[in-house]
Amino acid sequence: MPRQVVTRFAPSPTGMLHIGGVRTALFCWLYARKHGGRFILRVEDTDLDRSTDDNIRIIEDGMAWCGLDWDEGPVASEPLKWVGSNGPYRQMQRMESNYKPVVEKLINEGLAYRCRCTKEDLEVRRKIADDKGIPFQYNRGQDADKGCRDKNHDASRPFSVRLKMPSGNEPWLENGCIVLNDRVKGRIDFPAATLDDWVLVRTGDVDQIGVPTYNFCVVIDDTSMEVTHVIRGDDHVSNTPKQIALYRVLGFEPPVFAHVPMILGKDGAKLSKRHGATSITEYQALGLLPSSIRLALARLSWTPKVDGRALESAEEEILTDAQMIELFDLGDIQKSPARFDMDKLNWINQKLIQRSTWQELEPHLRPFMPDAWDTKSEEWKKVAVTATQKGKSLVEMANSLTFCWSAPTEFESADKFITPTVNPALREIAALSNYEHGPLRAAFDEILERQGLKTKDLAQALRVALCGKPISPGIFDTLYLLGVEEARSRLKKWL
RNA sequence: GGGGCUAUCGUCUAGGGGUUAGGACACCGCCCUUUCACGGCGGCAACACGGGUUCAAAUCCCGUUAGCCCUACCA
């Protein structure tokens with residue numbers, strides 16, 4: 001029986017939740033959901049200097065907002081709690097239980113060794129190689145016999161732990177290469193001779209094991225958490241052969257690897273601050289729906305195929321979560337990096353806003369509204385939402401409703417639209433006492449007829465008088481949203 | 001320096017020996033219209049470069065160039 005699919009997203013809590021990380025998490029999530037598997041959130045906090053609890057919370061909140069729910073992992077805002085049977089899910093809480101025993105085993109079995117080279121010593125040796133223009137490899141090439149692999153240097157010094165990398169004739173090597181069969185990149189061969197004995201565990205106190213490194217922890221954690229598919233950014237491709245070596249030495253079967261390309265900024269450089277928003281919370285503030293983020297991010301580097309065919313119309317581009325899950329396939333992921341396109345995100349957002357019901361939109365729109373929003377009736381909210389549902393973002397929707405909350409003090413193009421000819425019509429509008437759509441429309445038409453005006457003439461005059469500018473939602477909605485009393489009082493100034 | 005990855009419109013991409021190189025976003029134009037939008041229709045626009053292989057190359061092979069990743073006791 002094949003094992004249940006298990007994927008994981010393993011960010012390090014050293015700052016905000018990056019949009020690139022969210023995309024990787026999204027792929028993991030999609031894959032797990034598609035195969036009825038489990039999705040794990042694991043916090044890689046072995047960088048003691050930069051990892052904080054606040055940052056862990058930012059990750060949890062960001063993931064939750066994005067709708068990427070995890071089946072195993074930390075419980076939001078509860079540092080000591082987790083869900084799942086293979087926890088803890090914060091690496092620093094796994095030291096004693098998971099890492100230490102493996103390190104000891106590796107040393108005892110002669111698969112890894114204590115390295116007592118000092119940082120300064122290493123720097124000198126590295127420089128010697130650099131100066132000759134040859135790559136520095138610990139205990140290899142230029143550096144052969146200088147390392148601690150076969151010697152035991154001063155035992156009173158603190159030590160790090162290094163892995164003995166393959167010598168070249170291990171059975172799991174092919175032609176001296178460590179082979180990675182990547183689900184998105186294809187087969188990649190890494191000559192084992194180009195790798196050296198890397199550090200598994202940082203230098204600790206004398207006689208003490210220090211904090212293990214990322215490359216060590218991932219292997220241990222992915223194994224003990226039963227991760228079957230490691231889906232991560234392709235910046236890890238070059239780390240993979242080191243990890244594979246550790247899996248082999250430990251006698252573990254490596255998981256399936258899928259390295260997904262990175263997301264670049266508009267100019268093709270790594271997505272960073274200067275390209276605008278990189279943190280997920282910034283996108284939230286921009287008025288984007290989480291579903292838009294999911295779709296836009298998924299569609300970068302991924303081309304869904306229906307019966308072997310790519311999407312062929314704008315209509316098909318707008319996929320629901322259910323469709324994405326159904327269609328998701330690692331084999332349809334691009335090998336090359338994609339540039340992030342805000343225009344496309346906005347377009348997707350607009351489409352998704354259009355397709356939502358007003359009830360679906362309301363909770364997302366609410367944070368962008370003043371407190372007065374909550375005092376309004378359901379019917380009023382419904383009209384407000386549907387009247388502005390053509391907007392590109394929630395912010396845009398909120399902006400087009402600002403006239404509801406305060407009377408204008410400036411009037412744009414008043415001379416042009418509020419003319420003596422429309423004035424009598426304005427007076428008639430002010431006299432109306434029912435702004436329900438049907439009656440209002442009927443009354444409006446009668447006024448137009450009576451005053452010999454076109455819809456445009458009256459509508460624009462009203463917009464300027466009521467909203468201060470010739471732009472607003474449909475004129476009947478505008479009047480309804482304002483209400484009879486408020487509209488009348490705003491009109492008074494012009495009569 | 002070494003090892004690795006990548007390369008089709010401005011962007012996301014389809015296509016993987018013979019196509020008018022297809023779609024989407026953006027942009028431009030027209031139409032619709034009570035404003036702004038929405039919507040509809042149309043247009044502009046691409047195979048990085050050089051060699052091979054082949055009757056035929058965007059597609060296969062080899063180089064070159066460019067970008068990126070690893071080469072950390074960061075992740």
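Proteins come first, then strands; the chains are lettered A, B, ... in the order of their sequence lines, and each starts at number 1.
- Nucleotides B:C44 and B:G51 place their P atoms 31 Å apart, quoted to the nearest Å.
- One can place CG of A:Leu311 at 14 Å from C1' of B:C25, the figure rounded to the nearest angstrom.
- In this structure, a donor-acceptor pair under 3.5 Å is absent between the side chains of A:Ser400 and A:Thr388.
- Taking atom CG of A:Asp341 as the reference point, atom C1' of B:C27 lies 12 Å away to the nearest angstrom.
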Pairs under 3.5 Å (N/O, protein and nucleotides 7-9 of chain B):
none

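- With A:Asp197 as the fixed residue, the salt bridge (Lys or Arg N to Asp or Glu O under 4.0 Å) test singles out one of A:Arg162, A:Arg149, A:Lys242: A:Arg149.
- At a cut-off of 3.5 Å, with distance as the only test, a side-chain donor of A:Arg463 or A:Gln460 sits close to an acceptor on the other residue.
- At the heavy-atom level, A:Cys177 lies nowhere under 4.0 Å from the strands shown.
- Salt-bridge formation is not detected for the pair A:Asp182/A:Arg187: no Lys NZ or Arg NE/NH1/NH2 atom is positioned less than 4.0 Å from an Asp or Glu carboxylate oxygen.
- Counting non-hydrogen atoms under 4.0 angstrom, A:Lys132 reaches nothing in the nucleic acid.
- Spacing of P atoms, B:C47 relative to B:G22, comes out at 13 Å, to the nearest Å.
- Within the 3.5 Å criterion, the main-chain N or O of A:Cys177 finds no donor-acceptor partner in the side chain of A:Asn175.
- Per the geometry, CZ belonging to A:Arg157 stands 15 Å off C1' belonging to B:C73, to the nearest Å.
- Remark: the separation of the P atoms in B:G42 and B:G4 is 49 Å, to the nearest Å.
- With P as the reference atom, B:G43 and B:C61 are 36 Å apart, rounded to whole Å.
- When each of A:Asp234 and A:Asp196 is assigned the nucleotide of RNA chain B with its nearest heavy atom, A:Asp234 is the one assigned upstream, toward the 5' end.
- Comparing B:U19 with B:G29, their P atoms are spaced 35 Å from each other, to the whole Å.
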(message) Protein within reach of the bases, or only the backbone? For nucleotides 32-50 of chain B, mark each nucleotide 5' to 3' as B, S or -, using heavy atoms under 4.0 Å.
(response) --BBSSSS-----------
(request) Would you sort out whether A:Tyr99 and A:Ile209 count as a side-chain contact (heavy atoms from CB on, under 4.5 Å), showing the intermediate values? (result) CA-CA 10 Å; A:Tyr99 307 141; A:Ile209 288 173; over 6 Å; no
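- Using a 4.0 Å cut-off, some side-chain N or O of A:Arg202 falls inside it from OP1 or OP2 of B:A75.
- In terms of position along RNA chain B, the nucleotide closest to A:Ile188 lies nearer the 5' end than the nucleotide closest to the other residue of the pair A:Ile188 and A:Arg339.
- Within 4.0 Å of A:Thr14, counting heavy atoms only, lies no atom of the nucleic acid at all.
- Using a 4.5 Å heavy-atom threshold, the side chains of A:His229 and A:Cys28 count as separate.
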(request) Apply the test side-chain contact (heavy atoms from CB on, under 4.5 Å) to residues A:Val422 and A:Gln451: give CA-CA distance (whole Å), side-chain angles for both, the deciding distance (0.1 Å), then the verdict. (result) CA-CA 8 Å; A:Val422 295; A:Gln451 303 296 149; over 6 Å; no
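- Per the geometry, CZ belonging to A:Arg114 stands 19 Å off P belonging to B:C73, to the nearest Å.
- Between A:Ser356 and A:His364, the side chains place no donor N or O within less than 3.5 Å of an acceptor N or O (distance only, hydrogens not considered).
- When rounded to the nearest whole Å, the span between CG of A:Leu180 and P of B:C5 equals 10 Å.
- The nucleotide B:C60 finds its pairing partner in B:G52, both defining distances of the Watson-Crick or G-U wobble pair being shorter than 3.5 Å.
- Atom pair A:Leu48:CG and B:A75:P shows a separation of 9 Å (rounding to whole Å applied).
- Within the structure, every side-chain polar atom (N or O) of A:Lys270 is placed at least 4.0 Å from both OP1 and OP2 of B:G67.
- Under 3.5 Å, the side chains of A:Arg232 and A:Thr240 contain a donor-acceptor pair of N or O atoms.
- Not counting sequence neighbours, the partners of A:Arg490 by the salt bridge (Lys or Arg N to Asp or Glu O under 4.0 Å) test are A:Glu486.
- Nucleotides B:A66 and B:G23 have their P atoms positioned 35 Å apart, rounded to a whole Å.
- Relative ring orientation between A:Phe257 and A:His259 is described as parallel, the plane-to-plane angle staying below 30° on a 0-90° scale split at 30° and 60°.
- For the C1' atoms, the distance linking B:U8 with B:C49 amounts to 15 Å, nearest Å.
- In this structure, A:Ser12 reaches the sugar-phosphate backbone alone: every heavy-atom distance under 4.0 Å involves primed, P, OP1 or OP2 atoms, never a base.
- Checked against the 6.0 Å centroid threshold, A:Phe27 and A:Phe328 count as a close aromatic pair.
- Using a 4.0 Å heavy-atom cutoff across all strands shown, A:Asp235 reaches sugar-phosphate atoms only and no base atom.
- Across residues 292-310 of chain A, A:Arg299, A:Leu300, A:Ser301, A:Thr303, A:Lys305, A:Ala310 each have a non-hydrogen atom less than 4.0 Å from an atom of RNA chain B (numbered order).
- The interatomic distance linking A:His259 (NE2) with B:C70 (P) rounds to 12 Å, in whole Å.
- With no hydrogens or angles considered, no side-chain donor-acceptor pair links A:Asn239 and A:Tyr214 at under 3.5 Å.
- Sorted by first and then second residue, the ring pair (Phe, Tyr, Trp, His ring centres under 6.0 Å) pairs involving residues 335-357 of chain A (not counting sequence neighbours) are A:Tyr283-A:Phe340.
- As rounded to the nearest Å, B:A57 and B:A24 have P atoms that lie 30 Å from one another.
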Considering only nitrogen or oxygen atoms on both sides, find all protein atoms under 3.5 Å from nucleotides 1-3 of chain B and state each distance.
{"residue": "B:G1", "atom": "O2'", "partner": "A:Gly133", "partner atom": "O", "Å": "2.8"}
{"residue": "B:G3", "atom": "N2", "partner": "A:Ser238", "partner atom": "OG", "Å": "2.9"}

